[in-house]
Amino acid sequence: MPDTWYIVAVLAIVFSITFALRAVPFAALGPLRRSALVKQLSHWMPAGILVILACSTVKGEVLGSPEHLLPAVVAVGVTVTAHLLGGRRTLLSVGLGTFSYVLLVNLH
Amino acid sequence: MEDVNHTAIVSAPPTHPIKAGIKDSFAAGLGMFPLGIAFGLLVVQSGLPWWVAPALSISGFAGSLELLLIGMMTAMTPLATVALTTLLVNFRHVFYSFTFPLHVVKSPLAKTYSMYALIDEAYAVTAASKGNWNSQRLISMQVAFQAYWVGGGLTGLAVAAVLPIRIEGLEFALCALFVTLTLDAVKSRKELPSLVLGAASYTAAVLFMPNAALFAGLVMFVFLLVARHFFFGRKTASTPTGEDHA
């Protein structure tokens, strides 16, 4: 389990980077926002970053407990289906996906 | 109700700006509060000290990143990976300054708070409304958002204290959240190359650097995007389609 200093370090890192990302563009105004590369990256990044995070969190769930692989695959399927057919209501999709995973893991 | 306030100014007394700001916060708050509860529950279930929930919601105030950090902290993920993940996950905030009406806020302290509390929801509500923003309305909306999020987290902690049973699999909520966010980011065929590059980067990272897969995958993905920009991006950047997302 992490000690207090590790947690404090994480809090400090998260605060400084997040605040800088939110505040610096107002101060710096031009250059950063005008940069073609930065503009292009901001359009391209979300889809890839999010799919990496989705894979990484699912992998963390399955790693070390291979019997969770099938429940995870099913629950991802439920989430995707609910989201696409249910009108992209995040709470509903996340709720159904999580519910099916909890159910499958505990029935096992 | 909102229409009444905008059109019938003569007959109805003008809404107090603080009231208007709190009203602006309701729709998004409906999603933030339950997610905050899930966040509080997960902090307790992960075995981290309870104060991590309010501390993260005050230091970071960024929902999906906070949920992600629970797992990273439990696994004692190296601080460099924490920093890179924070940078990349929150990078989108750089672009909120385009349209966010910060100029209506005059006091330096309120301005600082407004920038600090520039979360997705605050950006989305101001970007979607043509409302005449003023300092009190904007700040009260942002304070309300933070109250929902921190309050939801504390409620989750309380629920976990009253019902100290560990529900196995609850942490899947985070996987499901990222799956839905991915689907929301890929609404047209234009985003498919990024999706493929991201998935390929992560797969390669898992195969070749399994101990630092997240870090390596993110770095490789950004590297591929920079390469893509210099090889293919300039043509598309100079066409009017580049304005689509703005």
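Here is how names work: the chains are called A, B, and so on, in the same order as the sequence lines, proteins then strands, and each is numbered from 1.
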Quick check on B:Ala173 against chain A: is it the side chain, the backbone, both or neither that has a heavy atom closer than 4.5 Å?
both

Using a cut-off of under 4.5 Å for heavy-atom pairs, which of B:Leu35, B:Leu87, B:Val186 has the most such pairs with chain A?
B:Leu87

Looking at side-chain heavy atoms only, is the closest gap between B:Lys111 and A:Phe26 below 4.5 Å?
no

What I'd like to find out is whether the side chain of A:Val10 reaches to under 4.5 Å of the side chain of B:Met72, using heavy atoms alone.
no

CZ/B:Arg228 to CD/A:Gln40 distance, rounded to the nearest 0.5 angstrom?
7.0 Å

Below 4.5 Å from any heavy atom of chain A, which atoms of B:Val206 appear? Answer side chain, backbone, both or neither.
side chain

At a 4.5 Å cut-off on heavy atoms, which part of A:Leu91 comes close to chain B: side chain, backbone, both, or neither?
side chain

Using modelled atom types and a 3.5 Å cut-off, is there a donor and acceptor pairing between side-chain atoms of A:Tyr6 and backbone atoms of B:Thr77?
yes

Of all heavy-atom pairs between B:Met76 and A:Pro2, which one has the smallest distance, and what is that distance?
SD-CA, 3.0 Å

Decide yes or no for A:Ile52 and B:Phe221: does some side-chain heavy atom of the first lie under 4.5 Å from some side-chain heavy atom of the second?
yes

Let's test your reading of the structure: which of B:Leu181, B:Leu65, B:Val222 forms the most heavy-atom pairs below 4.5 Å with chain A?
B:Leu181

Please name the pair of heavy atoms, one in A:Lys59 and one in B:Ala213, separated by the smallest distance, quoted to 0.1 Å.
NZ-CB, 3.9 Å

Taking B:Thr112, B:Val89, B:Leu118 one by one, which has the highest count of heavy-atom pairs under 4.5 Å against chain A?
B:Leu118

Is the CG atom of B:Leu207 crowded by more than 12 outside heavy atoms at less than 6.0 Å?
yes

Check whether any side-chain heavy atom of B:His229 sits under 4.5 Å from a side-chain heavy atom of A:Trp44, and report yes or no.
yes

Kindly indicate, with the supporting measurements, whether the criterion side chain to side chain contact (heavy atoms under 4.5 Å, CB included) is fulfilled by A:Thr90 and B:Asp184.
CA-CA 9 Å; A:Thr90 307; B:Asp184 288 342; 4.2 Å; yes

Heavy-atom side-chain contact between B:Leu225 and A:Met45 under 4.5 Å:
yes

I need the B:Ser194 OG to A:Ile49 CD1 distance, nearest 0.5 Å.
9.5 Å

Which heavy atom of A:Ala47 sits nearest a heavy atom of B:Glu191, and at what distance?
CB-O, 4.0 Å

Checking side-chain contact (heavy atoms from CB on, under 4.5 Å) against A:Leu53, which of B:Val179, B:Thr182, B:Leu177, B:Leu214 comes through?
B:Leu214

Using the six-membered ring wherever Trp is involved, compare the ring planes of B:Tyr116 and A:Phe19 and label them parallel, tilted or perpendicular (cut-offs 30° and 60°).
tilted

Can you confirm whether A:Thr18 sits close enough to B:Phe61 that some side-chain heavy atom of one is under 4.5 Å from a side-chain heavy atom of the other?
no

Determine, step by step, whether A:Val51 and B:Tyr202 satisfy the side chain to side chain contact (heavy atoms under 4.5 Å, CB included) criterion, reporting the C-alpha distance in whole Å, the side-chain angles of both residues, the deciding distance to 0.1 Å, and the verdict.
CA-CA 9 Å; A:Val51 79; B:Tyr202 187 68; over 6 Å; no

Below 4.5 Å, heavy-atom pairs only: which of B:Ala83, B:Ser59, B:Pro49 has the largest tally toward chain A?
B:Ser59

Tell me, do A:Ile7 and B:Trp51 make a side-chain contact under 4.5 Å, heavy atoms counted?
yes

When heavy-atom pairs shorter than 4.5 Å are enumerated against chain A, which of B:Leu68, B:Leu224, B:Thr85 gives the highest number?
B:Leu68

Please test A:Val14 against B:Glu66 for side chain to side chain contact (heavy atoms under 4.5 Å, CB included), starting from the C-alpha separation and ending with a verdict.
CA-CA 9 Å; A:Val14 169; B:Glu66 289 176 39; over 6 Å; no

What distance do B:Asn90 atom CG and A:Arg22 atom CZ have between them, rounded to the nearest 0.5 Å?
6.0 Å

Out of B:Thr203, B:Leu102, B:Thr74, return the one with the most heavy atom pairs under 4.5 angstrom to chain A.
B:Leu102

Report yes if the side chains of B:Phe172 and A:Val102 come closer than 4.5 Å at any heavy-atom pair, otherwise no.
no

